[in-house]
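Only one structure is covered here, and it is reproduced in the block below.
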Amino acid sequence: QVHLVESGGGLVQPGGSLTLSCAASGFTFGDYHMGWLRQAPGKEREFVAAITWTGGFEYYGDSVEDRFTISRNDHASRSFLQMNNLKPEDTAVYYCAADQQISALRSGEGVDYWGQGIQVTVSS
């Protein structure tokens with residue numbers, strides 16, 4: 001049974017940092033691209049970041065470029081999202097995702113596996 005479990009979310013002040021972690025099980029982690037998407041209340045789901053199965057390429061949404069960094073540890077079957085200089089508009093539920101097509105992760109459509117989501121709130 002496939003599981004993607006996010007951790008590391010919470011409340012942080014503007015300008016602060018958080019690192020999200022996604023623990024994967026039930027599938028061959030090294031065969032999958034990993035991604036993060038988010039959804040704020042009343043808004044559409046938004047692509048945040050993705051990393052290829054080799055770790056050789058990274059992709060970022062325009063709103064997080066230069067502030068967020070995605071990484072992966074295949075030995076631990078984990079993906080990470082380091083978020084710096086957080087802004088109130090980063091407040092959302094963040095979802096870990098896995099797929100064998102980068103295009104699916106970037107669009108959020110037809111994604112093979114999803115986590116349950118974790119809340120990130122940026123507020124003073």
Hphob cluster co-occupancy, [X] + [Y], side-chain heavy atoms under 4.5 angstrom:
{"X": "V120", "Y": "Y60", "answer": "yes"}
{"X": "I51", "Y": "V5", "answer": "no"}
{"X": "I70", "Y": "F29", "answer": "yes"}
{"X": "F47", "Y": "M34", "answer": "no"}
{"X": "I118", "Y": "F80", "answer": "no"}

Can you see whether [X] engages [Y] through a side-chain donor-acceptor pair at a distance of less than 3.5 angstrom?
{"X": "T121", "Y": "Q119", "result": "yes"}
{"X": "Q82", "Y": "T19", "result": "yes"}
{"X": "S63", "Y": "R38", "result": "yes"}

Any donor-acceptor N/O pair, [X] side chain to [Y] backbone, under 3.5 Å:
{"X": "E6", "Y": "Q116", "value": "yes"}
{"X": "H3", "Y": "S25", "value": "no"}
{"X": "R72", "Y": "T52", "value": "yes"}
{"X": "S107", "Y": "E109", "value": "yes"}
{"X": "D99", "Y": "D112", "value": "yes"}
{"X": "R45", "Y": "G108", "value": "yes"}
{"X": "Q39", "Y": "K43", "value": "yes"}
{"X": "N73", "Y": "A76", "value": "yes"}
{"X": "R67", "Y": "N85", "value": "yes"}

Counting only heavy atoms not in [X] (residues, nucleotides, ligands), do more than 12 fall under 6.0 Å from its [atom1]?
{"X": "E44", "atom1": "CD", "result": "no"}
{"X": "E89", "atom1": "CD", "result": "yes"}
{"X": "D62", "atom1": "CG", "result": "no"}

Ignoring hydrogens, what is the shortest heavy-atom contact between [X] and [Y]? Give both atom names and the distance.
{"X": "A98", "Y": "L4", "value": "N-CD1, 4.0 Å"}
{"X": "S123", "Y": "P14", "value": "C-CD, 3.6 Å"}
{"X": "A97", "Y": "V111", "value": "CB-CG1, 3.8 Å"}

Name of the residue among L37, L18, L20 meeting side-chain contact (heavy atoms from CB on, under 4.5 Å) with Y94: L20
Value rounded to 0.5 Å, distance of NE2 in H33 from OG in S79: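 Spacing of NE2 (H33) from OG (S79) equals 13.0 Å.
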Between Y113 and F27, ring centroids under 6.0 Å: yes
Stepwise side chain to side chain contact (heavy atoms under 4.5 Å, CB included) check, F68 with N84: CA-CA 6 Å; F68 290 12; N84 297 325; 6.0 Å; no
Verdict with supporting geometry, C96 and W114, side chain to side chain contact (heavy atoms under 4.5 Å, CB included): CA-CA 6 Å; C96 176; W114 289 98; over 6 Å; no
